[in-house]
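Have a look at the structure below before the remarks.
Here is how names work: the chains are called A, B, and so on, in the same order as the sequence lines, proteins then strands, and each is numbered from 1.
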Amino acid sequence: MIIRQITAGEPDAGTRLVARIVETEAYLPLVDPSCHAYRGPTKRNASVFGRPGTAYVYFIYGNHFCLNVTTERPGIGAAVLIRAAEPLEGIEAMRRRRPGVADSRLASGPGNLCRAMSIDRADDGVDLSSGDLPIEPAQQGSGRLLVGPRIGLSVAASWPLRFFDPDSKSVSASRVGRELEQCDRLAR
DNA sequence: TGGCAGATTTTA
DNA sequence: AAAATCTGCCAA
(Lines give C-alpha, C1' and ligand atoms only; values in the text may rest on other atoms or scores of the structure.)
Protein backbone atom coordinates (compact mmCIF):
# COMPACT_ATOMS: atom_id res chain seq x y z
CA MET A 1 0.00 0.00 0.00
CA ILE A 2 1.09 3.53 -0.69
CA ILE A 3 -0.35 6.22 1.54
CA ARG A 4 -0.20 9.99 1.10
CA GLN A 5 -1.23 12.44 3.74
CA ILE A 6 -1.71 15.68 1.78
CA THR A 7 0.26 18.46 3.42
CA ALA A 8 -1.00 21.88 4.48
CA GLY A 9 -1.07 24.46 1.71
CA GLU A 10 -1.94 21.97 -1.02
CA PRO A 11 -5.48 21.44 -2.30
CA ASP A 12 -7.31 18.80 -0.20
CA ALA A 13 -4.93 19.43 2.71
CA GLY A 14 -5.21 16.72 5.35
CA THR A 15 -6.84 14.22 3.01
CA ARG A 16 -5.52 10.68 3.19
CA LEU A 17 -4.89 8.97 -0.15
CA VAL A 18 -4.45 5.21 -0.13
CA ALA A 19 -3.74 2.89 -3.07
CA ARG A 20 -2.72 -0.73 -3.42
CA ILE A 21 0.48 -1.14 -5.42
CA VAL A 22 -0.18 -3.50 -8.34
CA GLU A 23 2.90 -3.08 -10.53
CA THR A 24 6.60 -2.56 -9.83
CA GLU A 25 9.94 -2.90 -11.59
CA ALA A 26 13.27 -3.78 -10.01
CA TYR A 27 16.46 -1.90 -10.91
CA LEU A 28 19.36 -3.98 -9.71
CA PRO A 29 22.56 -2.92 -7.95
CA LEU A 30 25.92 -2.90 -9.80
CA VAL A 31 25.04 -4.96 -12.88
CA ASP A 32 21.98 -3.23 -14.33
CA PRO A 33 22.70 -0.69 -17.11
CA SER A 34 19.10 0.59 -16.89
CA CYS A 35 19.44 1.50 -13.21
CA HIS A 36 20.01 5.23 -12.72
CA ALA A 37 22.76 4.37 -10.23
CA TYR A 38 24.74 2.40 -12.84
CA ARG A 39 26.97 5.29 -13.93
CA GLY A 40 27.57 6.65 -10.47
CA PRO A 41 26.12 9.51 -8.46
CA THR A 42 24.95 12.79 -9.98
CA LYS A 43 23.02 15.66 -8.45
CA ARG A 44 19.78 14.20 -9.82
CA ASN A 45 20.15 10.61 -8.61
CA ALA A 46 21.73 11.24 -5.20
CA SER A 47 18.89 9.68 -3.21
CA VAL A 48 19.00 6.32 -5.03
CA PHE A 49 22.20 5.74 -3.05
CA GLY A 50 20.41 6.33 0.28
CA ARG A 51 19.57 3.79 2.92
CA PRO A 52 16.89 1.16 2.14
CA GLY A 53 13.35 2.56 2.18
CA THR A 54 14.30 5.99 0.88
CA ALA A 55 12.19 7.64 -1.83
CA TYR A 56 14.04 8.34 -5.07
CA VAL A 57 11.82 10.69 -7.08
CA TYR A 58 13.06 11.98 -10.43
CA PHE A 59 11.62 14.12 -13.20
CA ILE A 60 11.48 12.54 -16.66
CA TYR A 61 10.72 13.63 -20.24
CA GLY A 62 10.17 17.17 -19.08
CA ASN A 63 6.73 16.28 -17.72
CA HIS A 64 6.51 13.46 -15.21
CA PHE A 65 7.73 12.31 -11.85
CA CYS A 66 8.55 8.69 -11.04
CA LEU A 67 8.69 7.21 -7.53
CA ASN A 68 11.28 4.58 -6.59
CA VAL A 69 12.01 2.87 -3.28
CA THR A 70 15.66 2.18 -2.52
CA THR A 71 16.58 -1.37 -1.58
CA GLU A 72 20.30 -1.58 -0.80
CA ARG A 73 22.54 -0.29 1.93
CA PRO A 74 23.86 3.28 1.55
CA GLY A 75 26.25 3.85 -1.33
CA ILE A 76 25.20 0.87 -3.45
CA GLY A 77 22.36 2.30 -5.55
CA ALA A 78 19.33 0.18 -6.47
CA ALA A 79 15.59 0.69 -6.29
CA VAL A 80 12.11 -0.54 -7.10
CA LEU A 81 10.08 1.68 -9.43
CA ILE A 82 6.46 1.93 -8.31
CA ARG A 83 4.62 1.72 -11.63
CA ALA A 84 0.93 1.52 -10.78
CA ALA A 85 -1.57 1.34 -7.93
CA GLU A 86 -5.27 0.77 -7.41
CA PRO A 87 -7.02 3.69 -5.65
CA LEU A 88 -8.70 2.76 -2.35
CA GLU A 89 -9.17 5.97 -0.32
CA GLY A 90 -9.26 9.65 -1.20
CA ILE A 91 -10.48 8.92 -4.72
CA GLU A 92 -12.18 12.34 -4.98
CA ALA A 93 -8.87 14.10 -4.39
CA MET A 94 -7.15 11.85 -6.94
CA ARG A 95 -9.87 12.64 -9.51
CA ARG A 96 -9.23 16.36 -8.99
CA ARG A 97 -5.58 15.76 -9.83
CA ARG A 98 -6.42 13.64 -12.91
CA PRO A 99 -9.58 15.14 -14.44
CA GLY A 100 -11.57 12.97 -16.82
CA VAL A 101 -9.74 9.75 -16.01
CA ALA A 102 -11.51 6.51 -15.03
CA ASP A 103 -11.00 5.60 -11.36
CA SER A 104 -9.10 2.39 -12.15
CA ARG A 105 -6.63 4.40 -14.26
CA LEU A 106 -5.97 7.24 -11.80
CA ALA A 107 -2.61 5.82 -10.72
CA SER A 108 -1.96 3.55 -13.72
CA GLY A 109 1.62 4.23 -14.81
CA PRO A 110 4.53 5.73 -12.87
CA GLY A 111 3.90 9.33 -13.93
CA ASN A 112 0.16 8.99 -13.40
CA LEU A 113 0.69 7.54 -9.93
CA CYS A 114 2.81 10.53 -8.89
CA ARG A 115 0.26 12.95 -10.32
CA ALA A 116 -2.69 11.26 -8.58
CA MET A 117 -0.88 11.08 -5.24
CA SER A 118 0.81 14.51 -5.34
CA ILE A 119 4.31 13.08 -5.37
CA ASP A 120 7.04 15.38 -6.69
CA ARG A 121 10.57 16.70 -6.09
CA ALA A 122 9.63 17.57 -2.51
CA ASP A 123 9.37 13.83 -1.77
CA ASP A 124 12.81 12.97 -3.12
CA GLY A 125 14.94 11.51 -0.34
CA VAL A 126 12.20 11.09 2.27
CA ASP A 127 11.99 8.05 4.54
CA LEU A 128 9.16 5.84 3.27
CA SER A 129 8.76 3.90 6.50
CA SER A 130 6.93 6.83 8.12
CA GLY A 131 5.91 10.46 7.55
CA ASP A 132 3.52 11.82 4.93
CA LEU A 133 4.28 9.13 2.35
CA PRO A 134 4.48 5.77 4.08
CA ILE A 135 4.54 2.46 2.22
CA GLU A 136 3.03 -0.45 4.13
CA PRO A 137 2.25 -4.11 3.48
CA ALA A 138 -1.09 -4.57 1.66
CA GLN A 139 -3.94 -6.09 3.62
CA GLN A 140 -5.03 -8.17 0.67
CA GLY A 141 -4.17 -8.93 -2.92
CA SER A 142 -5.72 -10.91 -5.74
CA GLY A 143 -3.34 -13.77 -4.95
CA ARG A 144 -1.58 -13.83 -8.31
CA LEU A 145 1.70 -12.20 -9.24
CA LEU A 146 3.22 -12.32 -12.70
CA VAL A 147 6.71 -11.46 -13.83
CA GLY A 148 7.64 -10.04 -17.22
CA PRO A 149 10.01 -7.79 -19.13
CA ARG A 150 10.49 -4.18 -18.05
CA ILE A 151 8.81 -1.38 -19.98
CA GLY A 152 10.25 1.60 -21.82
CA LEU A 153 13.93 0.66 -21.76
CA SER A 154 16.48 0.46 -24.54
CA VAL A 155 18.97 -1.72 -22.65
CA ALA A 156 18.35 -4.81 -20.53
CA ALA A 157 14.61 -4.34 -21.22
CA SER A 158 13.99 -8.06 -21.47
CA TRP A 159 15.20 -8.89 -18.00
CA PRO A 160 12.18 -10.32 -16.16
CA LEU A 161 12.03 -7.70 -13.44
CA ARG A 162 8.53 -6.29 -13.82
CA PHE A 163 6.09 -7.65 -11.27
CA PHE A 164 2.35 -7.11 -11.55
CA ASP A 165 -1.06 -8.31 -10.46
CA PRO A 166 -2.67 -9.67 -13.65
CA ASP A 167 -6.12 -9.40 -12.08
CA SER A 168 -5.93 -5.66 -11.41
CA LYS A 169 -7.52 -3.18 -13.81
CA SER A 170 -4.90 -0.62 -12.74
CA VAL A 171 -1.75 -2.14 -14.23
CA SER A 172 -0.18 0.30 -16.68
CA ALA A 173 0.35 -1.61 -19.89
CA SER A 174 -3.30 -2.67 -20.05
CA ARG A 175 -3.05 -5.65 -22.39
CA VAL A 176 -2.48 -8.45 -19.94
CA GLY A 177 -3.01 -10.99 -22.72
CA ARG A 178 0.13 -9.89 -24.51
CA GLU A 179 1.99 -9.78 -21.23
CA LEU A 180 1.09 -13.39 -20.61
CA GLU A 181 2.51 -14.34 -24.01
CA GLN A 182 5.75 -12.59 -23.16
CA CYS A 183 5.92 -14.38 -19.84
CA ASP A 184 5.31 -17.63 -21.66
CA ARG A 185 8.17 -16.91 -24.06
CA LEU A 186 10.44 -16.14 -21.15
CA ALA A 187 9.54 -19.40 -19.50
CA ARG A 188 10.80 -21.37 -22.52
C1' DT B 1 -2.55 1.99 -33.29
C1' DG B 2 0.72 5.14 -34.10
C1' DG B 3 2.98 9.58 -34.06
C1' DC B 4 4.14 13.54 -31.57
C1' DA B 5 4.51 17.41 -28.10
C1' DG B 6 5.97 18.52 -23.77
C1' DA B 7 10.50 20.52 -21.46
C1' DT B 8 14.49 18.54 -17.64
C1' DT B 9 18.76 16.14 -16.88
C1' DT B 10 22.51 13.68 -18.37
C1' DT B 11 25.88 12.09 -21.58
C1' DA B 12 23.91 6.26 -22.27
C1' DA C 1 22.76 16.95 -30.03
C1' DA C 2 20.42 13.01 -28.36
C1' DA C 3 18.41 10.06 -25.25
C1' DA C 4 15.96 9.18 -21.17
C1' DT C 5 12.43 4.01 -15.95
C1' DC C 6 6.30 8.80 -19.74
C1' DT C 7 1.57 10.44 -20.84
C1' DG C 8 -2.22 12.65 -23.34
C1' DC C 9 -3.98 14.06 -27.50
C1' DC C 10 -4.84 13.69 -32.09
C1' DA C 11 -5.67 11.43 -36.60
C1' DA C 12 -6.97 7.39 -38.84
Side-chain angles (χ1 to χ4, degrees), chain A residues 2 4 17 19 21-50 52-72 76-87 94-126 128 133 135 145-165 168-179 181-183 186:
Chain A
I2 180 166
R4 155 59 95 204
L17 310 180
I21 296 168
V22 296
E23 181 182 351
T24 64
E25 278 175 5
Y27 288 83
L28 304 180
L30 305 174
V31 298
D32 185 354
S34 290
C35 180
H36 281 188
Y38 187 68
R39 289 165 199 87
T42 64
K43 186 173 180 181
R44 179 202 203 198
N45 71 11
S47 51
V48 80
F49 295 94
T54 301
Y56 166 43
V57 179
Y58 62 85
F59 192 61
I60 190 68
Y61 297 129
N63 277 321
H64 310 286
F65 291 100
C66 293
L67 169 67
N68 297 254
V69 182
T70 61
T71 54
E72 303 301 314
I76 300 294
V80 171
L81 170 66
I82 310 300
R83 285 195 56 91
E86 202 170 284
M94 294 190 210
R95 284 183 192 137
R96 278 190 278 278
R97 285 158 173 75
R98 307 249 308 129
V101 173
D103 287 357
S104 68
R105 304 242 79 100
L106 287 171
S108 175
N112 292 337
L113 181 145
C114 287
R115 172 68 68 187
M117 302 203 71
S118 288
I119 293 165
D120 60 25
R121 234 181 285 279
D123 300 295
D124 187 38
V126 305
L128 292 166
L133 184 63
I135 289 185
L145 179 68
L146 288 190
V147 183
R150 295 184 291 187
I151 291 176
L153 306 187
S154 55
V155 287
S158 65
W159 296 10
L161 292 174
R162 174 171 173 258
F163 302 85
F164 60 99
D165 175 352
S168 171
K169 284 172 241 160
S170 301
V171 296
S172 67
S174 79
R175 283 182 302 285
V176 171
R178 193 217 264 170
E179 303 286 315
E181 284 176 35
Q182 289 176 333
C183 291
L186 278 167

Sugar-phosphate, base or nothing in reach of A:F59, heavy atoms under 4.0 Å: sugar-phosphate
Residue A:N112, side-chain heavy atoms: nucleotide from C:dT5, B:dT9, C:dG8 that is nearest: C:dG8
Sugar-phosphate, base or nothing in reach of A:L153, heavy atoms under 4.0 Å: sugar-phosphate
Polar pair under 3.5 Å, donor/acceptor by atom type, side chain A:Y58, base C:dT5: yes
Shortest side-chain distance from A:R44, nucleotide among C:dT5, C:dC6, B:dT10: B:dT10
Heavy atoms from other residues, nucleotides or ligands near CZ of A:R4 exceed 12 (cutoff 6.0 Å): yes
Identified side chain to side chain donor-acceptor pair (under 3.5 Å) counterpart of A:R83 within the set A:S170, A:S172, A:S108: A:S172
A:E25 with A:R150: basic N within carboxylate O range, under 4.0 Å: no
Donor-acceptor pair, side chain of A:D32 and main chain of A:P29, under 3.5 angstrom: no
Between C1' of C:dA3 and CG of A:N45, the distance in whole Å: 16 Å
Gap between atoms CG and C1', on A:L106 and C:dT7 respectively (whole Å): 14 Å
Minimum-distance nucleotide to A:H64 side chain [options: B:dT9, C:dT5, C:dT7]: C:dT7
A:D120 CG - C:dT7 P separation (whole Å): 16 Å
d(CZ, A:R150; C1', C:dA4) in whole Å: 14 Å
For B:dG3, the Watson-Crick or wobble partner whose two distances fall under 3.5 Å: C:dC9
Pairwise P distance, B:dG2 and C:dT5 [rounded to whole Å]: 23 Å
Nucleotide C:dG8, atom P - distance to CG of A:L113 in whole Å: 12 Å
Parallel, tilted or perpendicular: ring planes of A:Y56 versus A:H36, cut at 30 and 60 degrees: perpendicular
Whole-Å distance separating the CZ atom of A:R105 from the P atom of C:dC6: 15 Å
Between CE on residue A:M94 and OG on residue A:S118, distance to nearest 0.5 Å: 9.5 Å
Spacing of A:R97 atom CZ relative to C:dT7 atom P, expressed in whole Å: 18 Å
Close residues, residues 30-43 of chain A, relative to DNA chain B [heavy-atom separation under 4.0 Å]: A:R39, A:T42, A:K43
Between CG on residue A:L146 and CZ on residue A:R162, distance to nearest 0.5 Å: 9.5 Å
Euclidean distance, atom OH of residue A:Y61 to atom P of B:dT10 [Å, nearest integer]: 15 Å
